[in-house]
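Written below as structure tokens is the structure these notes are about.
Convention: sequence-line order gives letters A, B, ...; per-chain numbering from 1. Values reported hereafter were calculated over all heavy atoms of this structure, with side chains retained and with hydrogens, waters and symmetry mates removed.
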Amino acid sequence: MGNIPLLKVENLQVSFELQKGSVQAVKGVSFSVEAGEVVAIVGESGSGKSVIAQSILRILPRNANIDAGSIHFNDPSSDSAAVDLASLDAKDEYLYELRGGRISMVFQEPMTALSPLHTIGNQVEEALVLHHAKTSKEARSDTEEILRLVGFPNPSRGYEMYPFELSGGLRQRAVIAMALICNPAMVIADEPTTALDVTVQAQILGLMKELQKKFNTAILMITHDLGVVANMADKVVVIYHGEIMEAGNVEDIFRKPQHPYLKALMAAIPHFDMKDGERLVSLRDAGKSKSSDTIHKLAGKFKTADVSESNGPHLKVENLCKEFTTNKGSWFGAGEDNRIIAVDNVSFEINRGECLGLVGESGSGKTTVAKLIMKALETTSGSITLNSSEGMRDVVDLRGEELMRFRRKVQMIFQDPYSSLNPRMTIQNILAEPFIIHGLNDGRGNQDDILDLLKLVGLEPHCLNRYPHSFSGGQRQRIGIARALALHPELMVCDEPVSALDVSVQAQILNLLNDLRKELGLTNLFISHNLAVVNYVADRIAVMCQGKLVEIATKEQLFANPRHPYTKSLLAAVPYPDLDRLLDFENIKYTSSMEADDWGDAFKPSQEAGMENIKIEDGHFVLANCNCNVSELRA
Amino acid sequence: MITYIFKRILYMIPTLVLTSILVFTLIELPPGDYFESYVNELRAAGETVDPKLIEYLRNEYGFDKPIWERYFQWATGMLVGDFGYSFEYELPVSDVIGDRLFFTIIVTFFTIIFTWLIAFPIGIYSATHQYSWGDYGLTFLGLLGLAIPNFLLALILMFLANEFFGTSVGGLIDPEYIDQPLSWGKFVSVLEHLWIPVIVIGTSGTAAMIRRVRANLLDELRKPYVTTARAKGMPEFRGLMKYPFRMSLNFFIADIGGILPTVISGAEIVAIVLSLETTGPILIQALQSHDMYLAGSFLMLLGFLTVIGVLISDIALAILDPRIRLQGGVSR
């Protein structure tokens with residue numbers, strides 16, 4: 001049987017019935033997967049890569065149709081000939097046997113892919129009960145075994161837990177267990193690590209690779225992340241608008257990319273070896289130089305007020321703390337209040353015109369810091385000093401009129417361009433609103449200003465009367481940036497501004513933000529979980545972990561010489577789209593430093609000694625014990 | 001869990017006290033009292049009234065006492081089952097309501113069951129066959145049920161029942177069983193009469209319920225865990241019942257608290273048209289004639305049922321949904 005592949009997709013065509021006719025999502029795709037092989041399908045959102053996955057299992061939405069082509073699945077455990085899955089009736093018995101039994105699936109979002117009302121054990125063993133008719137006792141012991149295998153510390157306890165009681169990483173491990181429990185011939189993994197933090201992603205990728213070798217399972221991996229591809233795949237299929245652009249061995253794809261699309265995709269990803277002043281080349285970026293020119297022309301109008309450099313940092317944050325109280329539901333005060341320290345004694349400075357990158361994983365407190373600076377939350381203790389054109393001012397106790405004036409100086413760009421624009425307001429109204437709120441230009445907003453704002457972010461004037469839903473994600477983010485610029489702010493807080501965007505669009509937005517900062521003299525606080533992105537835009541980088549700022553340095557210092565164990569594990573976990581710098585999965589498994597207990601004596605928080613920012617070199621500080629050996633840290 | 005239920009029951013006490021204050025204030029609000037309207041009625045009939053007798057009655061029933069004292073008497077009386085005295089019926093309130101309460105509960109119970117039996121299958125069909133002819137047709141029927149006034153439907157069904165089944169029109173039992181002790185025959189007779197009010201009261205609720213089942217289930221059907229179940233090889237119907245349907249149930253359980261009082265009060269006008277011996281007609285009459293203890297006790301009863309309904313739905317939710325059971329509230 002050696003020459004018949006496990007899965008052979010030929011000339012697959014899928015279309016969606018819409019009210020206005022039909023749209024072809026997959027246009028004649030052919031590829032094959034051998035037993036025990038990892039094949040990656042790479043593409044941007046809307047490229048049709050998930051549709052291919054759903055076609056194989058025949059779980060397409062009801063309005064989708066397979067118009068032509070075949071999907072031959074050759075089950076190695078049965079002697080019968082290969083079955084064409086595309087030609088089977090939607091209710092064919094074989095499909096129910098196949099799903100979860102022979103081909104299973106791992107999904108992107110582990111929270112929503114699991115039912116919140118059923119225990120982990122119930123959902124994991126379901127496939128086993130459906131396909132192998134085990135008794136509940138057998139099923140339970142098999143389930144606990146697979147949970148142990150995917151890294152549940154206490155499988156029998158995990159069996160009885162509900163998804164919301166687990167961390168994101170453990171949830172994804174449960175989803176993987178669910179896919180592997182029947183020992184399928186192939187697993188389809190649809191963006192399996194996209195929703196996870198970078199260190200967890202590295203662990204999950206390592207786990208998938210380990211289990212894939214152990215069970216000799218084929219994996220069809222669907223992803224947009226070339227870094228993940230380089231680390232996982234044997235073969236790569238690059239897809240764009242439902243068509244295969246290029247396919248081949250991972251070696252060929254990364255070392256000798258042929259197709260212009262693939263080359264462009266590679267150039268659009270920020271990486272760590274970028275030279276100073278090197279720009280990302282974004283796909284479909286028609287007038288790159290034109291947009292820079294426009295910004296340059298308009299810069300005079302929007303330039304922030306010039307303040308002499310002499311009077312210190314632009315923003316100074318000192319000993320910032322924020323506590324939240326959660327309450328274990330009780331009406332009579334019997335439940336004790338739980339205090340959570342979201343931001344713990346954070347201090348940093350940002351110089352005028354500088355971009356400080358703030359890096360951390362979910363829950364590290366980076367967004368809370370941004371909200372405190374914006375005064376969207378009340379500070380528990382500490383000070384935030386803004387050195388604006390009106391002089392030094394502690395932001396923490398601003399009230400009334402003063403607060404309104406402060407709000408003009410500091411503006412925010414949000415993560416999700418879909419929910420941060422009001423769907424019921426036209427672009428005209430969205431851009432005029434800042435002027436109205438602040439009573440500028442007779443409370444109406446000047447039409448010239450609004451048009452210039454649009455030009456500044458590279459949008460056409462005819463966009464003004466349209467609503468947000470008619471724009472793409474990248475265009476919406478441009479609108480968000482224009483809105484933030486309306487009041488001529490001095491400080492821009494960018495909270496993960498590109499994490500919801502595709503790679504090519506991400507490059508455009510990052511270039512725009514860089515140009516704007518340089519031309520308008522803005523100061524940026526750039527928050528991101530993506531180290532490569534921060535490396536591209538920031539001058540200095542601060543790393544946050546569990547509410548504490550553990551390391552701050554210039555980006556060159558941080559990447560060349562990380563000191564804190566957490567920074568080190570963060571850097572070690574980034575998947576590079578580069579075959580010569582693969583992740584060290586063995587090491588990641590044992591040296592992940594998420595917990596403070598693993599940090600070594602010098603970095604472990606201790607009550608008696610207290611923590612201090614130790615200077616490593618000029619501008620490079622790391623949070624460590626007061627009584628640790630400083631020269632040892634520096635070495 | 002036990003502590004949760006215990007706390008939940010404790011929480012009912014202040015709610016009921018507040019309700020009773022509110023109810024008492026409301027029935028005290030209209031100018032005058034029962035005796036005034038009684039006197040007016042007699043005068044209108046051309047009879048003379050002895051003012052002394054009225055004064056005596058007022059004194060006897062404590063109407064000259066301050067309002068908070070009367071409230072206190074009424075409220076504490078209810079705790080030991082003394083709901084006060086109905087002037088109109090010249091009977092203790094509990095005797096007036098007692099039998100009727102039994103019928104009310106029967107009608108309500110069957111109405112809710114009827115609503116669910118019809119609404120759930122149709123709602124599930126509509127959601128899983130969205131925009132099909134079946135969906136449109138059933139939706140149309142449901143809207144028709146919502147639009148037809150209850151009293152009209154009651155009249156039509158009464159006519160049909162009398163014409164084709166020979167069932168005596170009006171009431172919940174055949175006249176011969178009135179004031180008879182409970183027997184098999186009486187029970188059958190109740191069932192014979194029950195279907196008209198159940199259908200009449202149930203239709204509008206059913207139509208609304210179909211729309212809600214459909215909307216809730218449609219929301220759940222789009223969730224990724226449904227795809228997960230399909231990818232595991234789950235047969236469609238079993239998957240539907242185990243995951244999205246179970247999720248969409250939350251809403252209806254949360255709704256039980258609201259259903260009880262609406263069904264009861266929605267039934268009142270129908271009860272008059274069909275002359276059912278439920279509590280509805282009494283309430284309306286008592287409110288008209290300032291029969292304050294009767295009306296007050298009745299409103300209190302509605303309040304109590306609501307609180308009980310909410311309690312049941314809260315406990316059922318906690319049992320069904322682990323998120324409610326295991327996660328504490330988070331406040332800022």
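- Only the side chain of A:Met178 comes within contact range of chain B, with heavy atoms under 4.5 Å apart.
- Contacts of A:Ile59 with chain B are made by both backbone and side-chain atoms, with heavy-atom separations under 4.5 Å.
- Neither the backbone nor the side chain of A:Leu95 comes within contact range of chain B; no heavy atoms are under 4.5 Å apart.
- Within 6.0 Å of atom CD in B:Glu69, more than 12 heavy atoms from other residues, nucleotides or ligands are found, so the atom counts as buried in its surroundings.
- Residue contact with chain B, scored on non-hydrogen atoms closer than 4.5 Å, is absent for A:Gln54.
- For OH of A:Tyr94, the number of neighbouring non-hydrogen atoms (other residues, nucleotides, ligands) closer than 6.0 Å is greater than 12.
- Contact annotation for A:Ile56: neither backbone nor side-chain heavy atoms come within less than 4.5 Å of a heavy atom of chain B.
- The shortest side-chain heavy-atom distance between B:Leu320 and A:Leu117 does not fall under the 4.5 Å cut-off.
- Side-chain contact between A:Leu130 and B:Pro235: present, with at least one pair of heavy atoms (C-beta onward) separated by less than 4.5 Å.
- A:Arg99 has its side chain out of reach of B:Lys232: every pair of non-hydrogen atoms, C-beta onward, lies at least 4.5 Å apart.
- Heavy-atom contacts from other residues, nucleotides or ligands closer than 6.0 Å to CZ of A:Phe16 number more than 12.
- Between A:His118 and B:Tyr243 the shortest side-chain heavy-atom distance falls below 4.5 Å.
- Contacts of A:Asn122 with chain B are made by both backbone and side-chain atoms, with heavy-atom separations under 4.5 Å.
- Between B:Glu236 and A:Lys91, no side-chain nitrogen of the basic residue sits less than 4.0 Å from a carboxylate oxygen of the acidic one, so the salt-bridge criterion is not met.
- The backbone N or O of A:Ala113 lies less than 3.5 Å from a partner atom in the side chain of B:Thr228, making a donor-acceptor pair.
- No side-chain heavy atom of A:Thr112 sits less than 4.5 Å from a side-chain heavy atom of B:Tyr225.
- Per-residue counts of heavy-atom pairs under 4.5 Å with chain A were compared for B:Ala229, B:Pro224, B:Pro244; the largest is that of B:Pro224.
- The two atoms that bring B:Ala231 and A:Met105 nearest to each other are CB-CB, 4.0 Å, heavy atoms only.
- Heavy atoms of A:Arg58 lying under 4.5 Å from chain B belong exclusively to its backbone.
- Residues A:Ser115 and B:Lys242 have side chains not in contact (no heavy-atom distance under 4.5 Å, counting atoms from C-beta outward).
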